[in-house]
Amino acid sequence: MSGNESKFSSELVAKVNELWKRYPHKKAALIPAMHLIQAERDGWFSDETVADTAALFGLPDMHVRGVVGFYDMFHSEPVGRHVVRLCKTLSCKLRGADGLIQHVNERYGVKNGETTQDGCFTFKHFECLGHCANAPMMLVDDEKHLDLTADKLDSVLGGLS
Amino acid sequence: MSDNGHVTLTIDGKEATVPAGINVIEAAKQVGIEVPHYCYHPRLSVVGNCRVCLCEIEGVGQLQIGCNTLVRDGMVVNTTNERVSRMREGVMEFLLINHPLDCTICDQAGECKLQDYAVDHGSGITRFEFDKGKKPKNISWGDRVVFDAERCILCTRCVRFLDEIAGTDEISIDHRGEKSQLVVRGDGKLTSPYQMNIIDLCPVGALTSRDFRFKSRVWFMKFTPTIDTSDARGCNVVAGTRDNRMLRMVPRYNPNVNDYWMSDHGRLHYAFVNDEDRIVMPTAGGKPAPYPVALSRAQAVLEGARDEGILCVASSYMTNEELFALKGVCDALGVEDRYFLLPMGEGDDLLIHPEKAPNARGCRLAGFRDAPDDWSSQEFGALLYVKPRELIELPAEVIERCKKKVVFSLTKHASDVNIPLTTWVEKDGTMVSAGDRVQCVRQGMVYEPTLLTERVVLDRLHTLLDPAFKGASTAVLAFQRMADEHPALDGLTWLSVGLLGAKLNKAEALA
């Protein structure tokens, strides 16, 4: 319905069309589609992106806004070129996540939710990412880094551009 | 057992035969049992998020929420047993964990479901020893609604109302868990012309009316069932008054007219009732005059103008009883030019009606004609004018072409005889709303004890003009007299019109 008028790239619209085929209702494909949309729109949902998404799905924009607000994987504020999610749930916490958080705060000058001055990465505390056996761990964009130490963390973050 | 789309079930030992397809809350309501609920509303979609309507369904292991459980034939429901009570107490404890318990400064106190259910179903004590969650308070959602995030229990009734009824989709929930909070689109101000309904829908004190808040505790107020007179829809309302001043209007359920809703315009259309500039005594020749003096002056003015002709202009805010009293005066004087003024405006598909006065149909029923767009340049000996509210007025040049003037008005109006009007919350009467429904207005207050209602004043004037005429002593008797005389009202009584109104018994072209 909104294929021709969509504000998104034709590749993205084609992928969303594929997603729609998998579900009985278009609305059911919202979350996987929103991951694609977020990637195309600089990693976050501006009011405009929310409105465009709502138009693509034929939903009220406030419904999309609610989904963005609910899930931590979606951002309602601009983010850096990379997103670093450091797990702080039980296993990681017991294995030293607090120290790593403090290390990031001091070394890179960013607290939870903040972006480095050069716009390189946005740092986020995160709830359990499911790698308790290799705690502490973090996710940099889609890549996981396990059994972290301060040194290992620095080498990963230092390699980001 | 099941026939004609009905099912029979047992609720708390009472057998009930109810329509198939309704839920347990509605079925229980039909046998007089109230299942507590916050998020459920009969006109909104079921979300089942407050969990307070948990009921036990025999044969089903877990307790089920009454809002999302449809009745089945032979179902046995317990809404009050020990297990249900314990569970409900638990739900109340969770709902109250982060509640600020600021009832003493909360406008909702006295009509708050959180208070009611805490008393009925709560344990009365808290086991929560930690700091309560903090959220923003006193957030402005525009000039009508004020939001308090700490009091909100996230039932989403407001979200669903604006999605499903008003259609503006303006509210959403941001974040999740204990951080969840309602947000409004864009600059955070609501735009719907029906937004104030979310204040009534809100079961707690999270949404309050900027117009009403802190004006009065509800238990000091008097509530009168009447109708909204801002347009021809005649939404059924409850008028809240205190110390003979009008403080608020909220919609009253009427499935034939307004369901559970009303427009903000109607809700806020009452400031003129409390206007300090209202006149409370008639004047004759510009000087204050008791009613008998003013009325004999009016009699002299009108009788003296008979030969030159009299122009009578009624107001579409008058009740039928008043219009028929005015008609009697016109008949006694032989007035031929009888018109009424009707302000027009924008309408919509939901409730807002383009006729911005409640009783144009009543005017037509009483034989008054729609005022012409272009008044003729005819001159009259006298004008008998019932001035409508601020929205419309008789053009000044028409008034000038009448030598003498008898004017009924809310505020001072230069004329030979000026008689105070009363507003619709100060009298009993009937009006004919859109769809030719006869509906009652009821007296909820007295602006000043000195005031007489227009019906009484007009009947007295009628008696002066024709000593054989005797007015009815009450509006109810006036209605009965009118119903006996007029075929469109034949068979209707004050009681059959009642709280929900009744159709005119034959289709007359009144629209």
Side-chain angles (χ1 to χ4, degrees), chain A residues 1-2 7 24-28 30-31 33-35 37-38 44-79 83 85 87-90 93 111-114 122 124-130, chain B residues 39 44-50 133-136 139 141-142 145 147 149-150 152-195 197-198 201-202 206-207 350:
Chain A
M1 124 189 143
S2 43
K7 305 257 180 65
H25 309 291
K26 279 187 174 182
K27 190 176 170 181
L30 186 60
I31 289 172
M34 280 171 69
H35 282 294
I37 291 167
Q38 180 167 267
W44 71 291
F45 278 88
S46 63
D47 286 351
E48 192 192 346
T49 306
V50 166
D52 293 345
T53 309
L56 182 68
F57 273 78
L59 289 169
D61 58 346
M62 291 309 281
H63 182 88
V64 177
R65 165 98 194 256
V67 175
V68 173
F70 189 92
Y71 292 103
D72 277 353
M73 289 286 184
F74 299 125
H75 304 297
S76 54
E77 303 284 335
V79 292
V83 178
R85 299 182 172 96
C87 178
K88 61 160 181 127
T89 308
L90 193 59
K93 200 177 183 78
K111 295 208 173 84
N112 183 23
E114 292 177 352
T122 299
K124 287 204 157 192
H125 302 176
F126 227 69
E127 300 302 339
C128 187
L129 285 160
Chain B
C39 67
L44 302 176
S45 61
V46 170
V47 290
N49 63 19
C50 78
K134 288 272 180 286
K135 285 185 188 176
I139 305 169
W141 276 0
V145 180
F147 171 53
E150 283 186 350
C152 176
I153 59 166
L154 300 161
C155 71
T156 70
R157 276 183 171 196
C158 53
V159 176
R160 285 173 284 144
F161 172 80
L162 291 170
D163 278 3
E164 296 163 16
I165 309 288
T168 47
D169 308 310
E170 291 177 82
I171 310 181
S172 157
I173 294 182
D174 223 0
H175 303 296
R176 61 170 190 276
E178 61 162 2
K179 292 202 183 85
S180 303
Q181 190 184 318
L182 296 173
V183 282
V184 176
R185 175 192 288 133
D187 63 357
K189 310 293 180 210
L190 292 170
T191 59
S192 169
Y194 295 94
Q195 59 181 265
N197 288 295
I198 67 177
L201 282 172
C202 182
L207 300 175
L350 190 52

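Numbers restart at 1 for each chain; the letters A, B, ... are given by sequence-line order, proteins then strands.
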Asks: Between Val159(B) and chain A, with a heavy-atom cut-off of 4.5 Å, which part of the residue counts as in contact: side chain, backbone, both or neither?
Replies: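 No part of it gets close to chain A.
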Asks: Got a second to check how far Ile153(B)'s CD1 is from Cys39(B)'s SG, nearest 0.5 Å?
Replies: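 Output value for this atom pair is 8.0 Å.
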Asks: Taking side chain as everything from C-beta outward and backbone as N, CA, C, O, which of these in Ile171(B) sits under 4.5 Å from a heavy atom of chain A? Side chain, backbone, both or neither.
Replies: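 Only the backbone of Ile171(B) comes within 4.5 Å of chain A.
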Asks: As a quick check of understanding, evaluate side-chain contact (heavy atoms from CB on, under 4.5 Å) for Leu182(B) and Phe147(B), giving each step before the final call.
Replies: CA-CA 9 Å; Leu182(B) 296 173; Phe147(B) 171 53; 3.8 Å; yes
Asks: If you take all heavy atoms of Phe45(A) and Phe74(A), which pair is closest and at what distance?
Replies: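 Nearest pair, atom of Phe45(A) first, then Phe74(A): CE1-CD2, 3.8 Å.
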Asks: Report the donor-acceptor contacts between chain B and chain A below 3.5 Å as a table, one pair per row.
Replies:
unit_1, atom_1, unit_2, atom_2, d
Ser172(B), OG, Met62(A), O, 3.0
Ser172(B), OG, Gly66(A), N, 3.3
Asp174(B), OD2, Arg65(A), NH2, 3.3
His175(B), N, Gly69(A), O, 3.2
Arg176(B), NH1, Phe70(A), O, 2.4
Arg176(B), NH2, Asp72(A), OD2, 3.2
Arg185(B), NE, Asp61(A), OD1, 3.2
Arg185(B), NE, Asp61(A), OD2, 2.8
Arg185(B), NH2, Asp61(A), OD1, 2.4

Asks: CZ/Phe57(A) to CG/Leu30(A) distance, rounded to the nearest 0.5 angstrom?
Replies: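 One gets 5.0 Å once the value is rounded to the nearest 0.5 Å.
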Asks: Within the 4.5 Å heavy-atom criterion, are Ile139(B) and Val184(B) side-chain neighbours or not?
Replies: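 Answer no - side chains too far apart.
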Asks: Just do the side-chain contact (heavy atoms from CB on, under 4.5 Å) check on Asn197(B) and Ile165(B) with the steps written out, would you?
Replies: CA-CA 10 Å; Asn197(B) 288 295; Ile165(B) 309 288; over 6 Å; no
Asks: To the closest 0.5 Å, what do you measure between SG (Cys152(B)) and CD1 (Ile173(B))?
Replies: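 Output value for this atom pair is 7.0 Å.
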